Amino acid sequence: MEQAALSSLAAATNSEELEAWHQDYLGRKGKVTVFMRSIGSLPAEERPQAGQAGNQLRLLLEERHTARQTEIREVELARALVEETIDVTLPGRRPWTGGLHPITLTLRRMYAIFAEMGFQVYRSREVESDLYNFELLNMPPEHPARDMWDTFYVSDSVVLRTHTSPGQMRAMRDYCPEPVRVIVPGKCYRYEQVTARSEFMFHQVEGLAIGTDITLADLKGVMATFARRMFGPERQMRFRASYFPFTEPSVEVDMDCIICGGEGCRVCKHTGWVEIAGAGMVHPTVLRNGGYDPEQFSGFAFGMGPERIAMILNDVDDIRYFYGNDLRFLRQFGNL
Ligand code: FA5
């Protein structure tokens with residue numbers, strides 16, 4: 001057995017063969033183990049000699065096994081070092097990194113422009129009560145002006161905000177009796193037909209300034225400054241009379257079309273003007289609901305659509321691209 005074991009050990013050339021050899025002779029069912037177990041059935045006078053011979057053989061084989069294992073490991077290591085070298089000079093693969101969404105980029109530019117004019121960002125909730133979305137904004141239940149906003153209802157008295165204007169009311173109630181100068185950015189939802197110009201989810205940036213002698217001229221100045229910073233110093237802007245229940249007077253703010261320079265094109269529907277915001281002087285009832293005395297305080301508010309602004313800036317002719325998650329579109333912005 002010793003001869004057979006040593007010659008097959010010499011024939012083992014790698015770790016797997018060596019392990020198999022170990023099982024074969026020294027494992028639980030190995031030849032040496034089986035021999036040792038059989039000693040009990042030998043005649044009594046033969047047992048001591050057989051036991052000694054068996055033990056010696058086991059020790060010898062363990063010792064040779066260890067020696068052979070060391071040799072094999074060295075050979076295997078040397079081979080691995082040659083075969084598995086890593087070429088550190090290969091250029092790496094560029095990892096995928098996310099990028100900022102075009103609307104995030106647009107919003108950040110807007111924050112920066114308004115920050116220079118002293119407006120702080122004020123965050124308000126997306127799920128609103130009917131009270132804040134409509135009623136406190138001078139639209140009691142059944143008020144016909146509610147039809148201006150097609151609404152997703154969560155329950156009878158809870159809605160997904162249809163505009164950021166409820167943020168005005170929350171800001172007023174937070175700051176009253178101090179003056180206010182905030183913008184309220186965020187998502188709005190409308191139960192609307194999705195078209196090239198309208199999404200059911202979009203953003204607005206609300207603006208609100210409350211103080212003791214704020215006039216329509218201040219609103220006009222802020223809008224004109226914004227338009228020039230956002231779109232360039234040559235931009236023209238105009239106010240058009242409009243109606244919102246929470247402002248009086250109410251206006252819509254148009255900018256001359258950046259695409260055609262006012263000549264008339266598809267984007268401006270051949271009018272030469274593009275609407276960028278609804279705005280007006282805060283209605284006395286709304287001021288009162290916010291905690292301010294309209295005899296003493298006045299203010300202006302506006303609501304802008306960053307998607308529309310991003311469309312004009314980047315010549316995007318369909319709003320649905322922004323939330324279609326097509327990477328070919330999104331990679332054109334930011335650092336995607
Ligand atoms: C409002 O929502 C008023 N709350 C704005 C306002 C605020 C007026 C403060 C006075 C004082 P309007 O529904 O027009 O108004 O929306 C304002 C802007 O949001 C629009 O000019 C447009 O840019 C954007 N907007 C409205 N609906 C959508 C839509 N479905 N998809 C994309 N943008 C939209």
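Whatever order the structure lists ligands and atoms in, that order sets their numbers, starting from 1. Because the structure is predicted, anything quoted here is derived from the model rather than measured.
Between Glu252 and Tyr243, the side chains place no donor N or O within less than 3.5 Å of an acceptor N or O (distance only, hydrogens not considered).
The residue from Leu208, Thr164, Asp174, Ile183 that alone fulfils the side-chain contact (heavy atoms from CB on, under 4.5 Å) condition with Tyr122 is Asp174.
Contact shell of ligand 1 (protein heavy atoms, cutoff 4.0 Å): Trp149, His163, Ser165, Gln168, Arg190, Glu192, Arg197, Ser198, Glu199, Phe202, Gln204, Glu206, Phe244, Phe246, Thr247, Glu275, Gly278, Ala279, Ala301, Phe302, Gly303, Gly305, Arg308, Ile319.
The side-chain tip of Arg190 does not point at the ring of Phe202 from less than 6.0 angstrom away and within 45° of straight on.
For Phe246 and His163, the ring centers are positioned less than 6.0 Å apart.
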Q | Full working for ring-ring contact (aromatic ring centres under 6.0 Å, His included) between Tyr189 and Phe152 | A | CA-CA 7 Å; Tyr189 303 84; Phe152 284 115; 7.1 Å; no
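Val282 and Val251 fall into different hydrophobic clusters, where Ile, Leu, Val, Met, Phe, Trp and Tyr side chains are chained together by heavy-atom contacts under 4.5 Å.
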